Structure formats: structure tokens, C-alpha cells
> 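A single structure is presented below for examination.
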Amino acid sequence: MSQSSNFDEEFAALRDQFLNGLIGRWNTLSSTESLDVFATELHRLAGAAGLFGFLPVSELAKDAEAQLLQDAPVELQNKMNLLRLGVEEIVATKLRTRLVPVEVSRIQFKDNRRRHIDPGPSWDATLKTTDYGPESKQ
Amino acid sequence: MNDLRKVMCVEDDADIRLVLDFSLRKIGRYEVLTCSGGHEAIAQAPHFLPDLVLLDVMMPDLSGPDTLIQLRKLKSMAGVPIVFMTAKAMPDSLLGLLDLGATGIIVKPFDAATLPNDIRVYWEHGRGSAHSK
């Protein structure tokens with residue numbers, strides 16, 4: 001076996017490991033109320049997805065991180081909806097699953113105000129293809 | 001310090017640590033120590049005695065810049081090149097990292113196949129001089 005094919009195989013194994021852990025990463029994002037945990041997980045997802053060649057997901061995660069830093073919850077929610085679709089797409093290369101939406105309104109922002117996010121038309125549009133049961137909207 | 005042999009990688013993401021270890025150990029044939037955070041790196045550095053440190057910028061327990069400052073206080077780390085890894089490509093923030101005394105910056109996502117050679121360039125450029133800033 002050549003050195004390059006050996007590299008490809010071993011790198012593919014690491015990429016599979018990343019894909020296997022993606023649902024866990026997403027579950028952390030969708031369940032945390034901590035701004036710090038949310039920001040850290042987004043940043044890690046951006047870095048790891050890019051490293052394994054999933055550049056659209058990496059860019060979406062970076063965009064979401066930027067919206068988070070700019071304190072723009074509506075834009076952040078839109079990015080998270082797009083990011084969910086992107087993550088679902090790459091997870092689908094390993095297994096068929098649907099991910100729980102991330103509701104940014106869960107996050108405890110630094111000023112301790114709980115943000116009210118108007119779901120808006122784009123939010124509803126992204127949910128038309130999925131069935132997660134009743135949405136808990138504030 | 002005659003050759004680049006031992007590399008310490010400080011990165012909080014487990015998947016990225018695995019790729020760093022794979023790339024540098026398997027391809028670069030370096031001796032590699034991976035640390036999940038700055039505090040661990042500061043504790044391990046005097047024992048591992050790395051020839052070069054790859055350091056993530058954004059980490060939850062201790063940031064990359066703060067880790068660099070602490071590492072520079074260790075006698076055994078004098079002159080050891082420290083290279084930041086960051087996804088942030090804003091020129092101003094990159095210059096700020098160099099002003100801290102970093103030898104260089106590798107922008108994420110890096111190429112696992114070429115990383116061993118990339119860090120060698122930084123090592124040859126930065127050995128013995130990084131501490132002079």
C-alpha cells in the first residue's frame with residue numbers, strides 16, 4: 001500500500017469518527033442554555049468541519065459565531081437553521097437522521113435577558129421538511 | 001536544539017487533536033504530545049520539553065495568548081517557537097498574535113498532509129529567536 005493511500009484511509013477513518021460525533025455536538029448546541037458552551041461548541045464545529053473538508057458547514061458555523069459575537073439573535077437563529085440543514089446533509093452520508101432545531105432563545109446571554117426570537121418566515125420554511133412534534137415557542 | 005523532534009499541540013477539540021497527532025506522528029515522524037487546554041500544556045511543557053508548540057487561539061479554560069504568556073515564563077521554554085492555530089484571518093488580530101511573541105500563525109483549516117513541513121519552516125525560522133520579543 002502506498003503512503004498516500006495509507007494516509008487517505010487513515011484520514012477517512014478520522015473523518016468517520018468526526019461524523020459519528022456530530023450528533024452529539026449538535027445535541028450540545030440544541031440543549032445548552034450557556035452562552036459560553038454554545039460559543040465554544042460553535043467554534044469547535046467550525047474548526048473541525050473545515051479540517052475534514054466540510055467547508056459549507058464550517059463557514060455557516062463561523063457565520064453563526066460571528067452573529068453571536070455581534071449580539072444579533074435573529075440573524076443567529078437564521079444561521080443556526082441553515083447550519084442544521086448543512087449538518088444533517090453531511091451526517092446523512094453516514095446515517096439517516098433528523099436533528100433537533102437549535103432555539104437561540106434558550107441561550108442565557110451575558111446580560112441575562114432571555115431573547116425573544118420571532119420565528120419569521122424563513123424559520124417556518126426550514127421546518128416544513130421536518131416533523132419534530134410541537135414547537136415550544138416563547 | 002539540533003532538529004525538530006518533539007511537538008506539543010494544544011487544542012481543545014478532540015477531533016482536531018486526533019488529526020494533529022495523526023499528521024505529525026504518522027507523516028512527520030515527530031514525537032507528539034497533545035494537550036486539551038492551556039493549563040495542561042503549562043504543566044506538561046517542562047517534562048516534555050518540546051522543540052515547537054502548536055497552540056490554538058480560542059480555548060475555554062485558558063486562551064492561546066494567555067497560555068503563550070505563561071509558557072514564556074518557563075525557563076525550559078525560552079526560545080522554543082510557538083505557532084498559533086486560528087480560524088480567524090483578520091490581519092489586525094493576526095498581527096496582535098505575532099506581537100505577543102509567536103513565531104507564526106497557521107490558519108485553520110490546515111492541510112494535514114502538509115502540516116509537518118509547514119511547521120518545520122516555522123521551526124527553522126523561529127528557533128532561538130522567538131523569546132527575544
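Given the structure is predicted, the values throughout are model-derived calculations rather than measurements. The sequence lines fix the lettering, A, B, ..., with proteins before strands; numbering per chain opens at 1.
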> Quick one, A:Phe18 and B:Val19 - any side-chain contact, counting heavy atoms below 4.5 Å?
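No, their side chains stay 4.5 Å or more apart.
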
> Are B:Ile69 and B:Ile82 linked, directly or through other ILVMFWY residues, by side chains that come within less than 4.5 angstrom of each other?
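Same cluster.
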
> Which atoms of A:Phe11 come close to chain B, meaning under 4.5 Å heavy atom to heavy atom: side chain ones, backbone ones, both, or neither?
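Both parts, backbone and side chain.
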
> Is chain A contacted by the side chain of B:Phe110, its backbone, both, or neither, given a heavy-atom distance below 4.5 Å?
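The answer is both parts of B:Phe110.
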
> Would B:Ile119 end up clustered with B:Leu49 when hydrophobic side chains under 4.5 Å apart are linked, directly or stepwise?
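No, separate clusters.
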
> What residues form a side-chain hydrogen bond (donor to acceptor under 3.5 Å, both in side chains) with B:Ser76, not counting sequence neighbours?
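Residues passing side-chain hydrogen bond (donor to acceptor under 3.5 Å, both in side chains) with B:Ser76: none at all.
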
> Could you list the donor-acceptor pairs under 3.5 angstrom formed between side-chain atoms of residues 9-16 of chain B and any protein atom two or more places apart in sequence or on another chain?
residue: B:Glu11; atom: OE1; partner: B:Lys108; partner atom: NZ; Å: 2.9
residue: B:Glu11; atom: OE2; partner: B:Asp13; partner atom: N; Å: 2.9
residue: B:Asp12; atom: OD2; partner: A:Arg44; partner atom: NE; Å: 2.6
residue: B:Asp12; atom: OD2; partner: A:Arg44; partner atom: NH2; Å: 3.1
residue: B:Asp13; atom: OD1; partner: A:Arg25; partner atom: NH1; Å: 2.8
residue: B:Asp13; atom: OD1; partner: A:Arg25; partner atom: NH2; Å: 2.9
residue: B:Asp13; atom: OD2; partner: A:Arg25; partner atom: NH2; Å: 3.0
residue: B:Asp13; atom: OD2; partner: B:Asp15; partner atom: N; Å: 3.0
residue: B:Asp13; atom: OD2; partner: B:Ile16; partner atom: N; Å: 3.1
residue: B:Asp15; atom: OD2; partner: A:Arg25; partner atom: NH2; Å: 2.7

> A side-chain contact here means heavy atoms from C-beta on lying under 4.5 Å apart; do A:Leu55 and B:Pro109 qualify?
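Heavy-atom side-chain distance check passes, below 4.5 Å.
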
> About how many Å separate OG1 of A:Thr40 and CE of B:Met59, when rounded to the nearest 0.5 Å?
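Separation between the atoms: 11.5 Å.
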
> When rounded to the nearest 0.5 angstrom, what is the spacing between CG in A:Leu14 and CZ in B:Arg17?
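It is 13.0 Å, given to the nearest 0.5 Å.
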
> Are B:Phe22 and B:Ile106 linked, directly or through other ILVMFWY residues, by side chains that come within less than 4.5 angstrom of each other?
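As far as the 4.5 Å side-chain criterion goes, B:Ile106 and B:Phe22 are connected within one cluster.
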
